[in-house]
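Let me begin by presenting the structure, written as structure tokens, before commenting on it.
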Number of protein chains: 2
Amino acid sequence: MREILDIQKQLLPDLMDIMKKRYSILQHILASGVVGRRTLASSLDMTERVLRGEVDFLKEQGLLETDVTGMKISESGRQLLEAMEPIIKLAFGLTDLEESIRQAFGMSQVIVVPGDSDTSDFTKKELGRAGAAALRKNVTKDDIIAVTGGSTMAQIANNLAISSRMKGSWFVPARGGLGESVDMQANTIASIMAKKTGGKYRLLHVPDHLGEEAYQTLIQDPQIREVVEAVRSCRIVVHGIGDAMVMARRRKVDSETTRSLQAEGALAEAFGYYFDREGNVVHKMPTVGLRLEDLQLTEVVIGVAGGKSKGEAIVSVLRHGQEDVLVTDEAAALEIMKHV
Amino acid sequence: MREILDIQKQLLPDLMDIMKKRYSILQHILASGVVGRRTLASSLDMTERVLRGEVDFLKEQGLLETDVTGMKISESGRQLLEAMEPIIKLAFGLTDLEESIRQAFGMSQVIVVPGDSDTSDFTKKELGRAGAAALRKNVTKDDIIAVTGGSTMAQIANNLAISSRMKGSWFVPARGGLGESVDMQANTIASIMAKKTGGKYRLLHVPDHLGEEAYQTLIQDPQIREVVEAVRSCRIVVHGIGDAMVMARRRKVDSETTRSLQAEGALAEAFGYYFDREGNVVHKMPTVGLRLEDLQLTEVVIGVAGGKSKGEAIVSVLRHGQEDVLVTDEAAALEIMKHV
DNA sequence: AGTTAATGGACGTTTTGTGTCCCGGGTATG
DNA sequence: CATACCCGGGACACAAAACGTCCATTAACT
């Protein structure tokens, strides 16, 4: 049943909005018994004229009746409403979650896919699909898109498809190598994305754990310099979010730094920065590429992460307040709501 | 799953059309491999511009791709199409049936509800609901609506609701008493319909089996004459369709007439007339009211009947060629298609 | 009897959708 | 290699739908 709605959403994206609108009109009328147009309009926060259009339609369908005293629901309207209740709950449970999170952190968009990426591979794929859709939607033309590594990002890359809109876009890794397996490195992902969409890419071949001296040398190199400048002036960032300790271990951070991370209360990691519960940066991986301050100029920051275990980490990053779009799953979203 | 589609059909009828349109565009593109806009437009019988709008949308959704050689379906488009097939079949299987029947008999509208009225009371109710909706849709203002008797008509009456559009309408029985049980008589049904919709009604109190002399006397009566004239000048007729022999028995037709009906090959009965396989009238019940020739002037003739057992009878009446709208069920519709 | 709040009609304005034509550029065909 | 054809996409005028706004009329309530 959920499947059918998800399929329809692809072919008729505004289906859900209209369905919900009409449903809530009927619901309000049912609750009010008899109610007038203006009263109803203000309680549903619609203009009178729009409501009137919908009411005319619903009347046409025989779902409500009007007389000179006002509108009331018809028998078939009541039955329809009853039959719809489970559907609405299914379809909009996530929408409500999305809206709550969006408001709580003042973001521009939140997308929640059903399921839990920790336990279901299918959900993980869905997360990738939704992430890819979110990216496609935000691309305008000839954008520079900085991406990070990670398995979630790899899923997004998988789900991108050739698109004339992205033909002029540049994909670049947000940061230099961060010591992960090759197929989840930012470099790899940037190139896959470019190939899949028909876009172009530049890579950043720099080793991890750069000393200050080595850094100064590298940054002099015109090739590298050019890419770094592109990265720092990107219009869109797409990044995963990780649990701080998990990421530290995966990147083989030395034990001293690990201890310091623990002492500082690091919870989350995103594009090489570590965040504590309040969203403060407590540590920074030393490598070239996107810096936190560059995000100020970035127009769209898209964070993608799912799974119940990541809920808290996501909250940390959101608290930092740079995210514009979040793509997550149901399990993580519920965790997030526990922490606001 | 069917339920959710039925709900959507009520709440978003035009979105379902759009869904079908987009589905068939994708389907055609899949079948064609690579195809150009103009070619596709003519094969789908759309104007180029509106197809273009849809294509732009589908491209936006990543369901198809265009390059300079034409349009082709994308991977996610192919998957979507596959996933949608059962949904489309479920949602529009009946639509296709409707269209076939409509074309075969040159009618203006055919409505098919799922199920078999012979075996399911629920389907019978649905038939009534659909019949009521069809009537409501065809009423304009201050119409005279002639109705017959029968259990199906009673269901329609049940499903009518108060409606400002029908407030000025007159409900009249199409013909005089035809010896059925009271609650299924045309008189009763006309009055119920009027009460339910807020319309007005006139009744025709004449006995069955009228001799010529009695007929002449009755028709002189100004009251009766007035009603008869109203009936004959009606704008809308709603009638059931019955199996000839079943109706003859129910109406206690004498054995001689029954034999003659059988000899003539009577298959169907509608508003007092009996029809053979080819739609010829083979017998006429002698009573006052609507005559076959009056139907010429009637703008909308709505026939309502369902159940597998009635399929053949419906074909007979349709062959006669006076019907504009048919409301039936899936089982009867399938039978009908066997006979064309 | 007066007041309130209801629907439905009306109308001008804005937005969206549609029909039509054209252009530059690949593709297939000869 | 040349040519005829068909492609997607841009452009634009026009029609249709949606919308905001105001008003007349009328039932219900005080």
Side-chain angles (χ1 to χ4, degrees), chain A residues 12-14 17-18 21-22 25-26 28-74 77 140-142 161-168 198, chain B residues 12-15 17-18 21-22 25-26 28-29 32-74 77 136 139-142 161-168 197-198:
Chain A
L12 312 155
D14 39 2
D17 296 337
I18 301 180
K21 180 164 66 175
R22 292 184 180 162
I25 291 174
L26 284 178
H28 268 75
I29 295 179
L30 176 65
S32 314
V34 186
V35 65
R37 204 169 48 207
R38 277 169 272 268
T39 317
L40 187 58
S42 74
S43 103
L44 281 166
D45 196 32
M46 298 179 163
T47 67
E48 187 193 329
R49 194 62 181 76
V50 171
L51 175 67
R52 189 171 166 179
E54 296 298 337
V55 163
D56 284 349
F57 166 83
L58 293 169
K59 197 165 25 166
E60 192 76 11
Q61 296 290 314
L63 298 173
L64 58 83
E65 296 156 7
T66 69
D67 60 26
V68 73
T69 69
M71 309 173 283
K72 71 166 187 285
I73 200 152
S74 77
T140 53
K141 208 173 183 337
D142 304 349
I162 189 114
S163 149
S164 52
R165 279 171 89 176
M166 297 205 193
K167 218 156 220 168
Chain B
L12 325 143
D14 38 354
L15 285 199
D17 293 342
I18 298 178
K21 181 164 65 175
R22 293 183 178 163
I25 291 174
L26 283 178
H28 268 74
I29 294 180
S32 313
V34 185
V35 64
R37 205 202 307 145
R38 280 170 267 265
T39 316
L40 187 59
S42 74
S43 104
L44 280 165
D45 197 33
M46 298 179 163
T47 66
E48 184 194 331
R49 192 61 180 74
V50 37
L51 174 65
R52 187 173 168 179
E54 297 300 339
V55 164
D56 284 349
F57 166 83
L58 293 170
K59 198 169 16 167
E60 192 77 11
Q61 296 290 312
L63 299 172
L64 58 84
E65 296 157 6
T66 69
D67 60 25
V68 73
T69 70
M71 309 174 282
K72 70 166 188 283
I73 200 152
S74 76
R136 177 173 49 234
V139 167
T140 52
K141 207 174 183 338
D142 303 349
I162 190 115
S163 148
S164 50
R165 280 170 89 176
M166 297 205 194
K167 216 153 219 169
T197 58

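Letters A, B, ... are given to chains in the order of the sequence lines, protein chains preceding strands, and every chain is numbered from 1.
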* **Whole-Å distance separating the CD1 atom of A:I29 from the C1' atom of C:dT7** => 13 Å
* **Atom-to-atom span, CZ of A:R49 to P of C:dC11 - whole angstrom** => 14 Å
* To do: Determine: side-chain N/O of A:T69 to OP1/OP2 of C:dT7, distance under 4.0 Å, yes or no.
  => no
* Asked: With the threshold set at 4.0 Å, does a side-chain nitrogen-carboxylate oxygen contact exist between A:K59 and A:E65?
  -> no
* Please state whether the phosphate of C:dT20, meaning OP1 or OP2, lies under 4.0 angstrom from any side-chain nitrogen or oxygen of B:T47. => no
* **Minimum-distance nucleotide to A:T39 side chain [options: D:dG20, D:dG8, C:dA6]** => C:dA6
* Smallest separation among heavy atoms of B:L26 and B:L63, with atom names -> CD2-O, 4.0 Å
* Structure fact -> 5'-most contact on DNA chain D (nearest-nucleotide basis), A:R37 vs B:E48, goes to B:E48
* Heavy-atom pair with the smallest gap, counting every atom of B:I29 and B:I73 -> CG2-N, 3.6 Å
* Asked: Rounded to the Å, how far apart are B:L40 CG and D:dC6 P?
  -> 15 Å
* **B:R38 side chain, from C-beta outward: closest of D:dG8, C:dT27, C:dA6** => D:dG8
* Whole angstrom value for the distance that separates P of C:dT27 from CE of B:M71 -> 17 Å
* Is atom CG of B:D45 surrounded by more than 12 heavy atoms (other residues, nucleotides or ligands) closer than 6.0 Å? -> no
* Which residues, if any, of residues 50-68 of chain B bring a heavy atom under 4.0 Å of DNA chain D? -> B:R52, B:K59, B:T66, B:D67, B:V68
* Asked: Does B:G62 offer a backbone N or O that forms a donor-acceptor pair with the side chain of B:S74 under 3.5 Å?
  -> yes
* Nearest-angstrom distance from the residue atom NZ of B:K21 to C1' of C:dT18 -> 11 Å
* Checking B:S32 side chain against B:V35 main chain: does a donor-acceptor pair fall under 3.5 Å? -> no
